[in-house]
Colleague: 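Here it is, the structure in full.
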Amino acid sequence: MSIFIEQDTRVLIQGITGSEGSFWTEHILGIGTNVVAGVTPGKEGQKVENVNVYNTVRKAVAETQADASVLFVPPRFAKDAVFEALDAGIKKIVVIAEGIPVHDAMQMRRAALSEGAMVVGGNTSGVITPGVAMMGIFPYWIERVYKQGNIGIMTRSGSLTNEVTAMVISEGFGVSSLMGIGGDSVPCTRFAEFLPLYEKDPETKALVMIGELGGTMEEEVAEAMEAGIFTKPLVSFIGGRTAPEGKKMGHAGAIVTGGKGTVAGKVKALEKAGALVADRPSVTGKLLKELING
Amino acid sequence: MSIFIEQDTRVLIQGITGSEGSFWTEHILGIGTNVVAGVTPGKEGQKVENVNVYNTVRKAVAETQADASVLFVPPRFAKDAVFEALDAGIKKIVVIAEGIPVHDAMQMRRAALSEGAMVVGGNTSGVITPGVAMMGIFPYWIERVYKQGNIGIMTRSGSLTNEVTAMVISEGFGVSSLMGIGGDSVPCTRFAEFLPLYEKDPETKALVMIGELGGTMEEEVAEAMEAGIFTKPLVSFIGGRTAPEGKKMGHAGAIVTGGKGTVAGKVKALEKAGALVADRPSVTGKLLKELING
Amino acid sequence: MKLFEYQAKEIFKSVGIAIPRGILIAEDEEFGDINLPCVIKSQVMQGGRGKAGLIQFADKANEAREKASALRFGPAKVKKILIEEKLNIKQEIYLAITIDPVDCSALIMASSEGGMDIEELAKTMPGKIIREEVAAFRELEPYQLRNVMFALGLKGDAFKQGCKILMQMFKAFRQYDAELVEINPLVITDDEQVIAADGKFIIDDNAAFRQQSYPLTRDQFDSDIEFEAAREGIPYLQFDGDIGLMCAGAGLTNAIYDLVNYFGGKVANYLEFGGPNYRRAVEAMEFTLRNKPKVILIVTFGTIARADVMAQGIADAVKKLKPEIPIVTAIRGTGEDEAGEILRKIGFENLSETEDAVKRAVALAKGDK
Amino acid sequence: MKLFEYQAKEIFKSVGIAIPRGILIAEDEEFGDINLPCVIKSQVMQGGRGKAGLIQFADKANEAREKASALRFGPAKVKKILIEEKLNIKQEIYLAITIDPVDCSALIMASSEGGMDIEELAKTMPGKIIREEVAAFRELEPYQLRNVMFALGLKGDAFKQGCKILMQMFKAFRQYDAELVEINPLVITDDEQVIAADGKFIIDDNAAFRQQSYPLTRDQFDSDIEFEAAREGIPYLQFDGDIGLMCAGAGLTNAIYDLVNYFGGKVANYLEFGGPNYRRAVEAMEFTLRNKPKVILIVTFGTIARADVMAQGIADAVKKLKPEIPIVTAIRGTGEDEAGEILRKIGFENLSETEDAVKRAVALAKGDK
């Protein structure tokens, strides 16, 4: 068992013939993921890493029963690709693209919600269950980060994930499932919406949340903990404690305006709900140990 | 018990200060309907038949807990009024207006479905439970039609309803709840979608469906009967057996094109599902008697 | 409102859908330059124009002129003719957008078997119809264009043109409150141009208040009476029997029409006497009488439309128009007792049962007294 | 991209939202005719213009000219000035549209307490904020305009103008891919005109490919370096410390920024070395050096961005630019062993732990060896 992606999940790769798509298809296959088809309009009949390419998701699903899709398409086409996957009945979608217009992202999230689907991203490294499968772009060959184990990781950041996760691993833990929710201001699925999956996953004993200044996603997790929706131990690191107000540090998610979305507020809410919050990445693993061992 | 509207349903009247709205408010109150508020933008503070008028549905609902609304607004404003009622959380809406653009009607139906609400109409006389309440424009004072009893009536036509119902009453029956679904080609709620309500209504022993050529709504009822969704006796009269192909007899609902939606097809489907179909209005009551008495 | 082919093509052109080069010749106009060989297409509402000889072909200008003249001044009396270049057809495609009332969607239907009637195709080869839906509130997305065009088997430049045509068709469908937009056939020419060789366009009458670019014209109707009634906002249909129907409500009218046939009669016309027309009995009867029926049958069972108001209107109309044919009435509903009284005063027996009224009208039309 | 007030007002005007009569004076321009009394508004990005003396009032043309000159040629060196008629204010309203990421809606916020800062208002009088949401795929409907305007207490002609203004604001919000459209205050004048007295407009940078009417200009940035980096597509932020950061990814950068502060250092600037920039080490280092930091701290933990490619880029940059300040690297991730090897060859010790790197950079900035 894992969350989101299983060994038998039938994965489709949209944009498979592009340079990113074909490069990562090799690695996605490499970890053991069950890739059943690829889609690139106009390239039907080709093969990438021995995976059949179709013109449309509809046809790929009809012929291969794909039930999950990871998208390697440019940001301006992400919305169309997500709609295409949803329309074909796919309920698990990962959107890697960085730079999706926020009005597009709103439509993507809204469409996913109304279809009862889970779209992860955009601007994410995706999803990985080390040793099992991945829909994303993780360097799972880096052993000091992608070691199998019982700690769930969910994160708003690509770059910081390796940093923090390495600290968790260095304390002797491993990772059950890692969900990159993406760094955009409107992620299609929000932190709190993954909690029920982690809660019921027997492989996950505790959860690490890598948060960031801006927005209200960390506060929503605190609320879910208070409401008893998530009851496992949770340790969080939240970047941007000292970030100057009103400055965007690289992406839209990481901005504080008018006192909303401050790290201080997030820390307070999480600690009140029973989580521990690391003030530096390096102590995350130690806090986790502390919390698990009581 | 009744369907759709109960004695304690808190009814709002949108467009209450207009000539149609104020005229029918008197009669809607007259039958005993629990009218709690009216809405006409700009007329807040006025009263119609002692009912308070508000500027917006949101405010009317906040102050009176209205939970159903009947709309007396011109067809070009029907969509906006329905959206306003849905947004305010109202789940039962009756749209009287005739002449709603079909593109508007599609949006109305779609919005109702996604809100889990039931919008009846447009182009309908509405809903009446004789002796209890009404949200509509029925001449309930005509005793040979609006007599209380145990026969549910659902109908696509205003004019034909009185005709057929009179024939049912003349055989000694009375009416439990009458639902006018409206004569437009895109009614917001379709025949088959009312069946679960009639099925569980203890006051309804049998159902009369007044159908019409065109569309597939009668066929959908036959399907629901075959699927066991509706199990009570059903008699139908369907107008337009001899209607010339391609001619619109007054409204968009009543047109046959290309052999689809023929009365013959509907009769065949209904009879196969166990319903009886009258070939003239005058025999509807007799068939009902025959079916009920076995 | 159903548009003429040339009007549909005007819309296509305005949104960037390619149409054949051609000219429209109205009643008194002279011939302009035409591209040869050409197709001469009568602009009439009726279907099956090809079989009826209303579409002709010509290789030379003389021939075209003669054939067009025959259509214009011969028995067909065609008022407008569209003369278009004849296309070199490589493939014909069917492409249409209509309304799905169950899913509240714009339903795109396409088939690589263009030129055929879609209803015929639906019966004989349902698997050949490609469907794509656009729900209310949603837009037609690029992937849907690809779904349709790949399924049609289009490639290269024709694929791109096809995508653009469908996108523009959809825009027109929404923009003009259409009930139907159809291109049949959509032609792919020998040199890979994708061109709308024919066009059907039906605009929702209920949206007329926001769609005023296409006013009603006489050409859209079979008769003067229908056109004039429509201009007055009174639904009127012409048939070929001898009983003139004035009924209130489409549902009841359908039932009466059936009953007239059931009892062996034939309907001359139907005029909608309900809704806003219930106070316009004089005009209504005037239109009905122009059609010269043998008997007028008036059946209503009114809700808003009060029976007494209708009856008074009929009394006024009889006084003013002095019809020389019998009139049968069954005016029921709100105020029916008063209605009976009013009619009795002018010597009419207001019947209570619809079937009795229909039987009497049928008998009167057959010459019984 | 955040627009200047005058740009926001250009958009307002183009969609039919009334703005005060006024003129824009750019750098070298002469004064035109102005409406008196007037407001002299410096077109700068910073907030709190009133308190900073960047907004002035004048009753006479001479006075206006003098005050404008002081702003243009004095220490503020304002490049563009908007001179507008002073409005006779009866009421000030707050009206804005922003994004609700949870409900995926356009969130309309309004308050009858215009002129105040909305965030201040949200803290002190949350009940005074009127909210109305328009979900993705949906349009702003007339009833929603009424909800807002009735809640604001508008009446008569002002009510109608208010409805229209909000509708047009929403159109602009969608059309321009806005993250924020704000009118604060929206003024109702003594003679019942409703006018946008100020305007904020932020366009989503990610939508730049379809929003090309507003190219980046130098005026939008605090420094030449920021402007030039932005033109190259490299995110760059200016701070006032002495450690130049080259990091990959916003998340890691935020953490490093915190760690620098945690260990007592100060950041001079941040340059995004990740994403598409990871192959552009030379340019990246060039921008960083222009800011004259005491030390450069390079931290990455790469996924797509390969550590060895980045390290090679750094080696090339050092060779080309010959920086005279110390450089600390912790370049990890895919290919990190090779990266260490490359860096070792140019005499760098590539650190493995982020904290070690930050501590060393802080120490170096303080003058330690």
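Scope of the values below: all heavy atoms of this structure, side chains included, with no hydrogens, waters or symmetry mates. A, B, ... follow the sequence lines: proteins, then strands. Residue 1 opens every chain.
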Colleague: So, do C:Y143 and A:D87 sit near enough that their side-chain heavy atoms are less than 4.5 Å apart?
Modeller: yes
Colleague: Can you confirm whether more than 12 heavy atoms, excluding those of A:K43, are under 6.0 Å from its NZ atom?
Modeller: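 Not buried by this count: 12 neighbours or fewer within 6.0 Å.
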Colleague: Do other residues, nucleotides or ligands put more than 12 heavy atoms under 6.0 Å from the NZ atom of C:K164?
Modeller: no
Colleague: Taking the side chain as C-beta and beyond, is there a heavy-atom pair between C:F150 and A:P41 under 4.5 Å?
Modeller: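 Yes, their side chains come closer than 4.5 Å.
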Colleague: Quick one: are A:R58 and C:E132 in side-chain contact, heavy atoms under 4.5 Å?
Modeller: yes
Colleague: Using a 6.0 Å cut-off, check whether atom CG of C:D33 has over 12 heavy atoms from anything other than its own residue.
Modeller: no
Colleague: With a cut-off of 6.0 Å (strictly less than), are more than 12 heavy atoms of other residues, nucleotides or ligands near NZ of C:K128?
Modeller: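 No, NZ of C:K128 has 12 or fewer neighbouring heavy atoms, counting only those of other groups under 6.0 Å.
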Colleague: Kindly compute the distance separating OG1 (A:T56) from CD (C:Q144), expressed to the nearest 0.5 Å.
Modeller: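 The distance works out to 12.0 Å.
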Colleague: Side chain, backbone, both or neither: which part of A:K59 has a non-hydrogen atom closer than 4.5 Å to chain C?
Modeller: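 For A:K59, no heavy atom lies under 4.5 Å from chain C.
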Colleague: Tell me, for C:E133 versus chain A, whether the close heavy atoms (under 4.5 Å) come from the side chain, the backbone, both or neither.
Modeller: neither
